[in-house]
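Only one structure is covered here, and it is reproduced in the block below.
In what follows, every heavy atom counts, from backbone to side chain, and hydrogens, waters and symmetry copies are set aside. Letters A, B, ... mirror the listed sequences (proteins, then strands); counts begin at 1. Everything quoted here is computed from the prediction, not taken from an experiment.
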2 protein chains.
Amino acid sequence: VSDPRHVLLVGLPGSGKTTVAPLLAERLGWRSVDIDDEVERRLGMPVAQAFTDLGEPRFRAEERVAAEVALAAADPVVIAAGGGLIAQRGAIELLQRRAMVVCLDAPDAELAARVGSGEGRPLLGATPGVSLHHLRAQRSASHDQALLYVATAGRTPTEVAEAIAATLNTAVRVGTARPYLVHVRAAAVDEIGSYLPPSARRVVVIADEAVGAVADALAVRLRGRDRTAVVLAIPGGEPAKQWAVAGRLLERCSDAGLDRDDCIVAVGGGSIGDVAGLVAATYMRGVAWVVVPTTLLAMADSAVGGKTAVNLRRGKNLAGVFWQPRAVVCDPSLLAGLPERSFRSAFAEVVKSSMVGGGHVAEVVDRRLEAALGRDPEALTELIRACCTLKAEVVGGDERELGRRAILNYGHTVGHAVEALTGLGTGLDHGEAVAFGMRAAGALSVVEADCPAGDIAHQDALLDACGLTQRPRVSAAEVAAQLGSDKKARAGVARWVLLRRRGDPVTGIVAEPGAVRTAISAALAA
Amino acid sequence: VSDPRHVLLVGLPGSGKTTVAPLLAERLGWRSVDIDDEVERRLGMPVAQAFTDLGEPRFRAEERVAAEVALAAADPVVIAAGGGLIAQRGAIELLQRRAMVVCLDAPDAELAARVGSGEGRPLLGATPGVSLHHLRAQRSASHDQALLYVATAGRTPTEVAEAIAATLNTAVRVGTARPYLVHVRAAAVDEIGSYLPPSARRVVVIADEAVGAVADALAVRLRGRDRTAVVLAIPGGEPAKQWAVAGRLLERCSDAGLDRDDCIVAVGGGSIGDVAGLVAATYMRGVAWVVVPTTLLAMADSAVGGKTAVNLRRGKNLAGVFWQPRAVVCDPSLLAGLPERSFRSAFAEVVKSSMVGGGHVAEVVDRRLEAALGRDPEALTELIRACCTLKAEVVGGDERELGRRAILNYGHTVGHAVEALTGLGTGLDHGEAVAFGMRAAGALSVVEADCPAGDIAHQDALLDACGLTQRPRVSAAEVAAQLGSDKKARAGVARWVLLRRRGDPVTGIVAEPGAVRTAISAALAA
């Protein structure tokens, strides 16, 4: 996990928080803290007695203080939370900033069996079954905010702890206003049920028809006693990115009876994520959505960050909103059938990440690029995770692209111009256009940002190794003229992302027009 | 102003902050503080010397501390800010939480003439004209966040102070994440230029074709040396609220060359605001927008709050987002031509505000309703301002309708059901349906929330006084059956907003089905 915070286990009575916390802590090499134990120690009496003798408000206040103390620890801690803690209004949002909230759950009947007569459980009273049902209703809105939902029925506490540890060890946390996890590992899709809010009773899977089988398998996994799932398959690629397509999908969500607690799952490449995200953002003014990218480009780049978009006649991605998903599921085993051109082309964004991020992602790309190009599963997983970690770090600090997030547009100024000139979907593909754009932005960086020529030579060599050597059949003057129409242009003047060196990008640069034409010519001629 | 915070004057050198601050403070009955003076006092040397001797970083730190001290005052203060203060990244967002930021401006040539040789102005150096141009570019993003922009060219400092005082004394502040003002007064539209971010070079006015003349006059006011404005007139009412209409408007915004610093202005009733807001929210993932409501319903209710929406086949307002406007301009003089039915029907939301808000808004409604029904301009202004103040208070604390904001849906559960049953736009209009819904919710409140019958009798008498006595031609059973389809229903069960008494609403209530049918029958029979 990129940003290793505490883990807070929440769940109804009997869900196993107290038992699982130390087992999980052991696997993560962390400490564990049980809030009930802390409250008992502070008050010098058992929880049930404190609840009765001191009253619920006092008890809840002690719970809150104990949680704050636990969360203030400098070393990472697994915290078993008292259930009342998160039931307080706004509490979950505060807790999410300092801990990854994991919700343990089981059906009411199993919970009732586990807690037995409810002894020592102040909220359950004489009829635990009825009380559990009410508690579940009361707390569902808070539980729906967790990063991860773990069904514990039929699993031992050790198995539960191992599953959580495996998930957290391979996931990347995106620290947006509502944080979420990017799950990067083989077979991550098998756990799809753990990523959806438990209140989601209806799921609409919006899928590229080319990966209909993946979507159907997902829908089967999602269906259950309390949940229905329907698949809406549409043609992928740029044709999906139309306002009218989003409109038809909205009607079909409404036909499916989707309501505001329900969930949309996007299965496909970046285009499907873009349109499905717009649908999720606008259906009833925003419902939860989960992204399951099935292309390398989407896994390494577009699925993280909450950008949704469709194209308008005059340009790509001109209509959309920012709407963060609840989870992103990057399962490299879904890449098996990906055509070679799409696979190769995605490495443009991988190389881009290494050029703007530097550090860890540059190290991983330099070391693993060759193996990843040969489709080695572990190399691919490592590469995707490094790219997602960079993206999470950038997006978490700048959700709406007001500042640093713009570094991710390195290579895209010329890339978008080339895509617009050669016709969306008919000339170079997105990755090929971005690779060309990086060559131009790299050449310009040397002149306008004093970037060492060796850094750009290294970039170009990486792109060559990926087979990203395509040049558009347009002139430098045509490209230069198109730049002013870019979405990031201000008053018709392109703002460049350049490199001062690898890993040190600078944004918002207005470049000298002569230098721009020279850089584009150099990239065309190379 | 509902939430009287400090006022912070910002602007380029020569914009008049230091001169205007004490004049404005005098008119508001407040104190004034000049940050430059404070810094000079703290450091014991003139600003220019401090800048040279101690360096810019130290100087900026002192500026920040002086501002924090000024903002911490318990009594309201007008603060003349050093320009560097807001240039710091993120500073404006912090300042906005504790002050209303007002930006003073004039063309570069006038600013240069005012500052003369630039003596005592450390940033201007030997060529103030050139330096001002650069400072403007650097600070435009921060200035664009202000709540109000005041052109000072050709006006004396006293006139400027009077204009600001008049605006702030009649405006309501909405304390959302990005705060904004609701301007409620006659001729407020004449100042439209003060409400748009200065960077907006192109304005698209989306207008109900029925108020095309108002839109054209606005466009004329908006056009200037540095700004173009085009009017897109469309049919108003429910036909405007279609996904496809939003799509066509997005294409036309793109045709008009709108870019991310530009602005959309909505002129019309609630439907125009709904669709124009969706366009503003989605064009380039969100551009600034200003709402100019031309119906009483929109002024008293829908224009404040940032809800955007279009209808889907299966229901009203099912697709949209939350996107707060930059300003709302409620000019009661625009209501002159409003047909009597639309005018009367809007009083349903006015009476609703008084029932859920109680206190001030209830007092104003009880005292001014009769005069307002007779279209007395001052009574209307007072009523609209009271409704907007309540709405601002509720929306500011709950932007995305997760909690308290739901109180504004009082009467809407049955209201929406009736609208759906009688066909959108063909049966009762929205206000008439809500008035009927309030009668039903009121009757239910007496039974399910122990509301005093007298409070509901008073409500019904107010509705009678407004002529809102229409009943739908449907049965109680039909209405009851429709309730489960409401957007606010969860799992097909309606959640009610009821009153414990006038001014004390309670939300999320699941009512007993028999009591619901009885309440609807009572409202039908009354």
Any donor-acceptor pair under 3.5 Å from Trp289(A) side chain to Leu278(A) backbone:
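The answer is no, because no donor-acceptor pair under 3.5 Å joins these two groups.
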With no hydrogens and no angle check, is any side-chain donor or acceptor of Glu399(A) less than 3.5 Å from a backbone partner on Gly396(A)?
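Such a contact is absent between Glu399(A) side chain and Gly396(A) backbone.
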Largest heavy-atom contact set with chain B, pairs under 4.5 Å, which of [options]:
options                                    : result
Cys253(A), Ala246(A), Ala244(A)            : Ala246(A)
Gly403(A), Gly320(A), Gly247(A)            : Gly320(A)
Thr282(A), Val321(A), Asp262(A), Val310(A) : Thr282(A)

Please state whether the side chain, the backbone, both or neither of Asp255(A) comes within less than 4.5 Å of a heavy atom of chain B.
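Its backbone and side chain both get close to chain B.
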Listed partners of His412(A) passing ring-ring contact (aromatic ring centres under 6.0 Å, His included), at least two apart:
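Only His416(A), His430(A) meet the ring-ring contact (aromatic ring centres under 6.0 Å, His included) criterion with His412(A).
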Partners meeting side chain to side chain donor-acceptor pair (under 3.5 Å) with Arg404(A) (sequence neighbours left out):
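Side chain to side chain donor-acceptor pair (under 3.5 Å) list for Arg404(A), sorted by chain: Glu393(A).
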